[in-house]
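The structure appears below as structure tokens.
Atoms within each ligand, like the ligands themselves, are counted from 1 in listed order.
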Amino acid sequence: MSEEKSLNFIEEIIEEDLRTGKHQSILTRFPPEPNGYLHIGHAKSICLNFGLALKYGGKTNLRFDDTNPVTEDTEYVESIKEDVKWLGFNWANEFYASDYFDQLYSFAEQLIEKGLAYVDDSTSEEIATQKGTPTQSGVRNQYANRTIAENLQLFRDMRAGKYKDGEKVLRVKIDMSSPNMHMRDPIIYRIKHAHHHRTGDKWCIYPMYDFAHGQSDSIENITHSICTLEFIPHRPLYEWFIEQLGIFPSKQYEFARLNLNYTVMSKRKLLQLVNEHHVSGWDDPRMPTISGLRRRGYTPESLRDFAERVGIAKRENLIEFSLLEFCVREHLNKIALRRMVVFDPIKVIITNYEEGKTELLSSENNPEDPNGGVRSIPFGREILIEQDDFMENPPKKYFRLAPGQMVRLKSAYIIQCNEIIKNTDGSIQALHCTYIPESKSGQDNSGIHVKGTLHWVHAPAALQVEVREYDRLFQVENPSSEEGDFKSYLNPNSLKVVTGYAEPSIKEAASHDRFQFLRKGYYCLDKDSSSDKLIFNRTVTLKDGWTKK
Ligand code: ATP
Ligand code: MG
């Protein structure tokens, strides 16, 4: 099935640039600020930047945009690198905006020398007022008239630590009546006496985002600098700096950020959930972080598939969480090991099966995978099935177990229910059934056809495991757009801990294994597991139960 996929707008631009010889090869970058863990929105950006380079034989840099010393941390740097690698991508270079602090400083002096930058002593409030409004021009203050020599001296004094935080800033002189507020003499350097995670105490002035990001692109010769829509108004400034400094003409292109329903997607908000213990950490399986999704059992393939399906849009929209779940089901169906786990058991005694005897039955690990192999499952006189799979007074067309009715036990035999054994309070203690010895799966010559197949476990061999079932983290589709604190919309039932009775082969589960618990969903081992207590995360249910709700 070869389906010609049409190019997205960035691919069209790249193909044109390569065709006309504007670029011989392309270089993209992924530029996270190391102030939190990456989320699924970043995964979208990673897949886009690395994906384009792979498609067109180019390269991608990983650049940490670390110009904000107060919120940044090496823990975040490490987690970001792990996440990018886990998604399956290799960067050409690992760079840090802070590597360019000397270069950026000299760019600033160049602008001063060209009469294009000045030191301003106003407070941030004064600067904001003087900027005007989108419909009203701003006004320049007296500091804009400082001489080049005076500006150079003051800027050097700022760097030397002569002034306190906020006492002075460096601004570029562009146009105080530009309809674009970003062009009204924006600030490019601020004083901040803070320790930086890489440069230590070398600097007490730091470049603003707009004076670091674009210039970093140019320093690295990035050909296509892809960012999200909110940076459209920054583009004229990006280009103004390139022109005034005469540096490599990187080009900025914007696409719509990914928004997912029933979650939040800003590091600041995710940090609040972590700090205020609404979740167990950045990698809580309910978090939309890459580390959370990984722990939950998502695969890199499923996230890449998701990014591909979402595509790139030029307008903001809200993507359904169900699409992400669809992608992971698609992949897990192909790779997950099938196992039987009973959650809410009822005991079945097979009265015509020899007491004390167990036999080992064989079952495919994955019918979707011809090389998946088989496992053995013990079978004996006492087994457990789901309470849900039995009804004392079933309606018509009920194909599961009921008095007098027959079902197949998956990979085992057909059984028939003969008697219900009750406790004195009326609750069911056990079901007495008989099995059909000629009906063994794979060699069935009983001639009996049944419609229902149930999962089950051999009671004495069953291993008790903890299973963590997750639901949406928020109760509303778009918590960030609701009134009040977004945290008041948290779903109080987003985590349910239940017990499962698993077939014994589950003992060999390893952290990279993916499982389908038959008729239930997809699961993976959680890192909280120990040798005497296995804990599983439910990645996703087998069917989409959410859109119906
Ligand atoms: P947040 O607002 O969540 O903190 P950010 O944009 O501040 O995100 P950065 O570390 O600056 O996070 O982002 C690194 C890259 O990832 C940027 O190029 C940014 O545009 C991109 N990115 C961030 N969030 C999304 C998203 N939701 N969808 C697509 N790309 C995103
Ligand atoms: Mg940011």
Which of these, Cys227, Ser225, Ser266, Gly41, has its nearest heavy atom closest to atom 31 (C) of ligand 1? Gly41
State whether the shortest distance between N or O atoms of Asn35 and N or O atoms of ligand 1 falls below 3.5 angstrom. no
Taking all atoms of both residues into account, what is the closest heavy-atom pair of Arg286 and Asp471, and its distance? CG-O, 4.5 Å
Determine whether any heavy atom of Arg268 lies closer than 4.0 Å to an atom of ligand 1. no
Those residues at least two apart in sequence (or on a different chain) that pass side chain to side chain donor-acceptor pair (under 3.5 Å) with Asp528 are Arg295, Arg468
Any side-chain donor near an acceptor of the partner, Arg472 and Ser494, under 3.5 Å: no
Closer than 4.0 angstrom: is that true for some heavy atom of Phe231 and an atom of ligand 1? no
I'd like to check whether Pro32 has a polar contact with ligand 1, where a contact means an N/O of the residue lying under 3.5 Å from an N/O of the ligand. no
How about Ser480 and Lys269: does a side-chain donor come under 3.5 Å of a side-chain acceptor? yes
Which ligand 1 atoms, with their elements, are less than 4.0 angstrom from a heavy-atom of Pro31? 14 (C), 18 (O)
Across all chains, not counting sequence neighbours, the salt bridge (charged side-chain N to carboxylate O under 4.0 Å, His left out) partners of Arg184 are none
Backbone or side-chain N or O of Glu33 under 3.5 Å from ligand 1 N or O: yes
Proximal ligand 1 atoms for His39, defined as those under 4.0 Å from one of its heavy atoms: 3 (O), 24 (N), 27 (N)
Side chains of Asn221 and Thr223: do they bring a donor and an acceptor to under 3.5 Å? no
Are any of the N/O atoms in Glu230 less than 3.5 Å from those in ligand 1? no
Looking only at the side chains, is there a donor atom on one of His224 and Asn49 sitting less than 3.5 Å from an acceptor on the other? no
Polar side chain donor-acceptor pair, Tyr105 to Gln110, under 3.5 angstrom: no
Indicate yes or no: does an N/O atom of Arg29 lie under 3.5 Å from an N/O atom of ligand 1? no
Sub-4.0 Å atoms of ligand 1 with respect to non-hydrogen atoms of Thr228: 20 (O), 29 (C), 30 (N), 31 (C)
